[in-house]
There are 2 protein chains.
Amino acid sequence: MTNSYDINEFKNPLFTVDSVLFTVKEDALKVLLVKRANEPFIGSWGLPGGFVDVDSDTTTDVTALRKLEEKTSVAPQYLEQLQAFSGIDRDPRGFSVTLVYFALIAAQEVSSHIETIDDVQWIDIDKIDSLSIAFDHKVIIEQAKERLQQKALYSMVPVYCLPEYFTVGQLKSVIETIIGKTIQRKSLIRRIESADMFETIDEKVKSGGRLAQQYKVKPGVNIVNFERNLAT
Amino acid sequence: MTNSYDINEFKNPLFTVDSVLFTVKEDALKVLLVKRANEPFIGSWGLPGGFVDVDSDTTTDVTALRKLEEKTSVAPQYLEQLQAFSGIDRDPRGFSVTLVYFALIAAQEVSSHIETIDDVQWIDIDKIDSLSIAFDHKVIIEQAKERLQQKALYSMVPVYCLPEYFTVGQLKSVIETIIGKTIQRKSLIRRIESADMFETIDEKVKSGGRLAQQYKVKPGVNIVNFERNLAT
DNA sequence: TATAAATGTGTCACAGCGACACAATATTGA
DNA sequence: TCAATATTGTGTCGCTGTGACACATTTATA
């Protein structure tokens, strides 16, 4: 009934899973890149990823998480599928497909681990152009950036670049770094209050001026999409 | 330099490309389904799709188009990637990945061809639940529907369910069928005028009342995304 | 010729964002 | 001690785009 042998498998495309892991650090949007240890493109920077382990990975989501954890030692706070990139030319070994994920994490969560390694680095998104990047990963990163920027206009995803407790000022700063424009504090507060996805923390925190209210994401809550974009 | 032999290829996941082709016909949202001629799920309805032909397909987009044209004899007016679905259990032959596309076409473009065949049919989206559908295609169709509904709220994609020339009334009807709610004619006209993606046609057309203005999509124009959603 | 049916227009209310003034509360330095 | 400064938080006005709805326009039909 199930053919363990399939005529098409001979020419199955090469299939990999890669992730574009973003964070905001030092007021800049950064991407996690890995110095490639294997051919092709050995020595170039590329996205963290690899082949599916069909014996242990139950889905490609698991593959993406596994590969990210190998490089960062922690799971990202946000993960979603971006898009698949395919083509006859993008890999010298033949027709290939990369399923790309788009992930977010707070810089603090990984920085201590990253700093001890020199083949895994946070690269400033504005410096990608001047680097030699493997495969079509430069294009992929660009598309992931655009998706993140879009999402920042109509959803609260940027909170996943922040630690568990955060202030309005921190979130405002992260959003502004992502979209490359300033936004109104007032508009952000209105959204935080109407979204109903955050809890206020009793203890306030120093911030250079008046003590700031802290928030955290309500456990198990879904990301809210607003019906309107912020200023373009 | 290029290894024609790769250790991982032995356990490469099964990779296919499927499409959810929508149209609006008789005031209902329909999906093109195909009666499966092969195992697994022989005899069940499933999405049109299949394996990549790595010798002739330059990208998976081409695969999706090729498979759709085999069933409808024409190319869809709109095609975009939806998402990949993967898992160890979704195909009895083992770990598999389906890259799913989401496509739109005017019913008139295909109806004459479809009607002569009985293993390819437009199925009403509300009747999917009561059918036996192959693989996880029921879930996939549901997700594609949600994406289409979202897009209908902030973009003009629904025009691709209409013939070249269309009226405001026709577009209004198609949108309402997709999202399952009524919208304001006035709001739609405002969007048509501000989007700058349509040309008016001199010749007006009968519509049961006053003659209706006709529109067509400007050649080579991109779909406009509005900054605000229609009523939810 | 009146009625029905659809198209097209004018206008008001409402929601949410932008802008900005201003109040509140912390730190810092003279 | 107190003014200057910095950041947070609030109040409010204007603008834009959608919803709602009335009304005018144009066609077919009885």
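Below, chains carry the letters A, B, ... as their sequence lines are ordered, and counting in each starts from 1.
Between B/F226 and B/M156, some side-chain heavy-atom pair lies under the 4.5 Å cut-off. In this structure, A/W45 and A/K35 have side chains that are in contact, with non-hydrogen atoms separated by less than 4.5 Å. Under the 4.5 Å side-chain criterion, counting only non-hydrogen atoms from C-beta, B/S173 is in contact with B/D27.
In summary, B/K218 and B/D196 engage in a salt bridge, as defined by a charged side-chain N under 4.0 Å from a carboxylate O. Taking the charged nitrogens against the carboxylate oxygens, B/K138 and B/E142 have no contact shorter than 4.0 Å, which rules out a salt bridge. Under 4.0 Å is where a charged nitrogen must lie from a carboxylate oxygen, and between A/E80 and A/K151 at least one such pair does.
When heavy atoms are screened at a 4.0 angstrom cut-off, B/Q213 is found touching the sugar-phosphate backbone but no base atom.
Closest-nucleotide positions on DNA chain C for A/N229 and A/G209 were compared, and the one nearer the 5' end corresponds to A/N229. Each of B/L211 and A/A231 lies near DNA chain C, and the nucleotide nearest B/L211 is the one positioned closer to the 5' end.
Within residues 174-187 of chain B, the residues approaching DNA chain D are B/Q184, B/K186, B/S187, by heavy-atom distance under 4.0 Å.
To the nearest angstrom, P of D/dT10 lies 11 Å from CD1 of A/I192. Here D/dG9 presents its P atom at 10 Å from CD of A/E193, a figure rounded to the nearest Å. What separates CZ of B/F226 from P of D/dT18 is a distance of 7 Å, to the nearest Å. In this structure, A/R190 atom CZ and D/dG11 atom P are separated by 12 Å, rounded to whole Å.
Contacts of A/N229 classified as side-chain contact (heavy atoms from CB on, under 4.5 Å), with partners at least two apart in sequence or in another chain: A/Q150, A/L153, A/Y154, B/E227.
Ring geometry, B/Y215 versus B/F198: the interplanar angle exceeds 60°, so the pair is classed perpendicular (tilted spans 30 to 60°).
Side-chain atoms of B/R210 and base atoms of D/dT25 include a donor and an acceptor less than 3.5 Å apart. Residue side chain B/R228 reaches the base of D/dT16 through a donor-acceptor N/O pair under 3.5 Å, judged by distance alone.
For A/R90 and A/F85, the positive end is not near the middle of the six-membered ring at less than 6.0 Å and at most 45° from its axis.
A 4.0 Å heavy-atom criterion places the boundary nucleotides of DNA chain C facing chain B at C/dA5 to C/dT11, written 5' to 3'.
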